[in-house]
Amino acid sequence: MGIGSTETVADHATDGPPVTSQDVAGRSPTKIALDRLRQDKIAMACLAIVIFFALIAIFAPLLTSLFGVALEQGDPGDDLDAFNFPVIGPPDNGFTWDAPLGLEPETGNDLLADWFYGARTSLLVATIAAVIATFVGIVVGLVAGFSRGAMDKVITFVIDVFLSLPFILVALSVAPIIVQRFSAQPALLESAQLFALIAVLSLFTWMTLARLIRGEVLSLREREFVQAARVIGVPTRSILFKELLPNLIAPIVVSISLGLPAFVAAEAGLSYLGIGVVGRPSWGQTVNSGVEYFNSYPLYLYAPVIGITVLVIALNLLGDAVRDAFDPNTRR
Amino acid sequence: MNLTPVESSNQPRKGGNTDMRLKKPAVALAAAALMTLAACGGGSGGGNGSGGTDPEAGEDPTFQEGGAAGGGKDPEREAPAPIPEGAQEGGTVSVLTAVAPTTLDPTRAYYTDSTAIMSDLVTRALTQYVYDPETNDMVLIPDMATDLGRPNEDNTEWTFTLREGLKYENGDDVVAEDIAYAIKRSFAIAELPDGPTYQTTFFLDGDKYKGPFKSDAEYRGVEVDGQDITIKMARPFTDMDYYASFPAFTGIPEEADNPETYGNMPLATGPYKFADYKPGSSLSLVKNEEWDPDTDPGRIQMVDGWEFEFAQDTAKLENIILNDNGSAQTTITYDNATPSTFRAMQEEKDRLVTGSSPCTFMWYMDMTKITEREVREAIGWAYPYENAWKAGGEIVGITREGGSTILPPGTNGRKEFDPLGDHGGTTTDPAKSLELLEQAGYKDGEYEIKFLFASDDPLSVQAKDEIVTGLEEGGFKATPIASTIETIRDDRTDYESPINVRSSGWCSDWPTGGSWFPAQWDGELVGVEGMPNPANFDEAYADKEQDRILDTLTPEEAAPAWGELDEMIMTETYPAVITGYSGTAFIHGSALGGVENDNVRGMPTFGQMFITE
């Protein structure tokens, strides 16, 4: 019969010792998960690091002026020697507060300012792309899972199509198209490239979440509380967002937290390949131009590499911890 | 020839340097394209007497001012070429480069790299260039011909006499008919594109004859009589002796020819022959036993073989040569050193070769759009020469040197002058620019300059930023138009492009103005497909003077006349901002000897290299 579970609860209530409700009451699964997360020292350390980078990104302009550097074009004629190396700061002249990370060879741009703004670009792109990908993934997954028949088939097919698109190939071909389309409007081109990058990144990541959600919804929609809601005539929209969505918090949070580091790395990687953002500082670009100075000016390369590595590791570990905390199957 | 689409990308180093993996093919391609254009031989000259490459000079190598540009010809040079002191027999030289020649077909060889490899090592032509240590300059000497050719009185007929005892790698004799066939073959531009094309302009029936593959009709422009080859011209051609040094003027037996495959295994007449060639990736050369030093006044055959590796990563190849371990000691690259490698090499200057190469970079101002002379001069004052060069990855004074004449240093008959007065080719003076703009009636920030850059080339972007700053300080409104490495060449040569300035350049094919002005500054070229005249420069006085020089003057009179025309164009009209002359700076292993800069091509002197102990 379909009333098994209520029976069990009833049995407990009658047979077992009276349940004291003070501890259990009011603790939602999310709250339980957060409590578990809070006790995870690694997760907390990683969170601190992520917040640190987020603050750098948000307050980049303030920080640059605090350090007395500026995100402005250097003056190669005055700032660089005959070999296009900076005349102040590392690698040749020791530390100076005028340029704590030194100046970029060939252009004389300040590397610390570039680094601060690079963090901004990284996190901006990663966050927006993660939010878009998650949103699209949730909506598509919910709709596909809840609608039966043709609709589900069509959506599943679309997901499969997107999954089969080669990411790098599309990214490579979109870049020149954007450049050509906006070639005559330099200001517009910069934002167009940024949006194109975000679009490409989110375009290729929503499918996994959509599939995951669809699978969850498929099993959830046969559960009693959904059946009950349908029987009493709750509108589909409410069922989707009021009944199903709260049960999907865990996979969604996990998806975001694991997606972020992937986006940070992808942004840097695409910039390195020359198909990312142009016209604004980015760690990937700095790595790209710093490679050839690895022997003579390692700091040039190390700063963005360390930035990317630390941020990605922190985000990844945090993501793992979040998944562990939200997954009822893990016990620690 | 034409060159570099992007301000910054003139160097092959861009090829491998900034980019790895994915971008590589595209970039290598782009860099190769640059080479093409930068290709053409030309421009002897550039010699510097002393200093530059000489480690004992004890000072920073500086750009070589054009010195002994006396045309550098020695029709009397005797075979065999002397064996240099300290040269050892044996060993293999490795050549690493970030770029790759698109073809090694002798008829199509017009890139600096392909002409140098083929001319110096594999395919002999009628004439050749050799390095002269006394003047640090290249000298034109006979090769397969016994002299530098004998023109008739009005330069409309040139006769070359072939040496006795010339053989192909398979032991067959090289006969005059083979040279004649190679000349006819060079007209087959449809089958064999990208090669030099002066024959279509100057040779008899050059505009009609389409090569031996298209028509069975006998070509009337070349006649063979025993060992004599006579080339007939449609109009006087004073520079035929230089032109005859191109690999297109080698011997190709008609029965061995297949235009599609001949370039993969061309028959060697020089000291080395193809052993294995993988287009785009590698080439190995081994000794050609049939080559007889007694017939060749220019080349030696000391090493056993050559291993060329194309499309290598710049950072990697520079590191190999920099560390100089094991086989790296016999390794060389012909790519320009990156600034950081160039600096690291300052302690071992004997492994660093610097010198000039015969190219001039220019900002061609569209004469149909920028009509006021004051505005053009204002751009000349506003352009941030040094800043743009540095941001573009150039080593100022080594790979790029300022100047104010169209003809680069070392060109025969070149005249020094300064069209802007006390400008010197490197002065950026925003105040003067503002003043000139005011004279022309424009307010600060009113006149818009639109130019191209490649948004996927970091060096191009960096240089663009500097140029924008410079122009804005000089009172212009600067609008950089984005393009990509792939498309910038097409965008630049498109008459409809929304730009009024074109950044490009030219390299001489030989060291006189004859390979410069008729190619880029002829009014008849305006409107021609491919935009050979990038400034849309159409002035009657210049056309008239060019016709006079080409049709009536002797070679001796023509050279200085081109120099005068250079001054006339620049001072009368100022159609282009000279954004510098190119230079070379390449590195090699410690066991290589005879490595000098071939300033005709901006390449190493492969033909005289050897391995020391």
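Note on naming: letters A, B, ... go to the chains in the order of the sequence lines (proteins, then strands), and numbering restarts at 1 for each one. Worth knowing before you read on, the calculation uses all heavy atoms, side chains too, and leaves out hydrogens, waters and symmetry mates. These numbers come from a predicted model, not from an experiment.
- Using a 4.5 Å cut-off between heavy atoms, B/Thr487 touches chain A through its side chain atoms alone.
- Pairing each heavy atom of B/Asn387 with each of A/Gly77, the nearest pair is OD1-N, 2.7 Å.
- Neither the backbone nor the side chain of A/Asn109 comes within less than 4.5 Å of any heavy atom of chain B.
- Both the backbone and the side chain of B/Ser455 come within less than 4.5 Å of a heavy atom in chain A.
- Heavy atoms of A/Pro105 lying under 4.5 Å from chain B are absent altogether.
- Heavy-atom minimum distance, A/Val179 versus B/Ser483: CG1-O, 3.6 Å.
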Listing, residues 189-197 of chain A side-chain donor-acceptor contacts under 3.5 Å, not counting sequence neighbours, or none:
{"from": "A/Ser191", "atom 1": "OG", "to": "A/Ala187", "atom 2": "O", "distance (Å)": "3.4"}
{"from": "A/Ser191", "atom 1": "OG", "to": "A/Leu188", "atom 2": "O", "distance (Å)": "3.3"}

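- Residues B/Pro339 and A/Glu106 approach most closely at CG-OE2, 3.8 Å, considering heavy atoms.
- Residues A/Pro91 and B/Arg343 come closest through the heavy atom pair CG-NH2, 4.4 Å.
- Separation of atoms CZ (A/Phe182) and CD1 (B/Ile481) is listed at 13.5 Å; rounding is to 0.5 Å.
- Taking CG of B/Asp456 as the reference point, atom CG of A/Leu172 lies at 10.0 Å (rounded to 0.5 Å).
- Listed by first then second residue, pairs satisfying salt bridge (charged side-chain N to carboxylate O under 4.0 Å, His left out) with a partner in residues 75-91 of chain A number zero, not counting sequence neighbours.
- Proximity of A/Phe294 to B/Ser340: side-chain heavy atoms (C-beta onward) are nowhere separated by under 4.5 Å.
- Residue A/Glu104 touches chain B through its side chain alone, counting heavy-atom pairs closer than 4.5 Å.
- A/Asn84 places no side-chain N or O within 3.5 Å of a backbone atom of B/Ile395 that could act as its donor or acceptor partner.
- In this structure, B/Lys369 places its NZ atom where more than 12 heavy-atom neighbours from other residues, nucleotides or ligands lie under 6.0 Å away.
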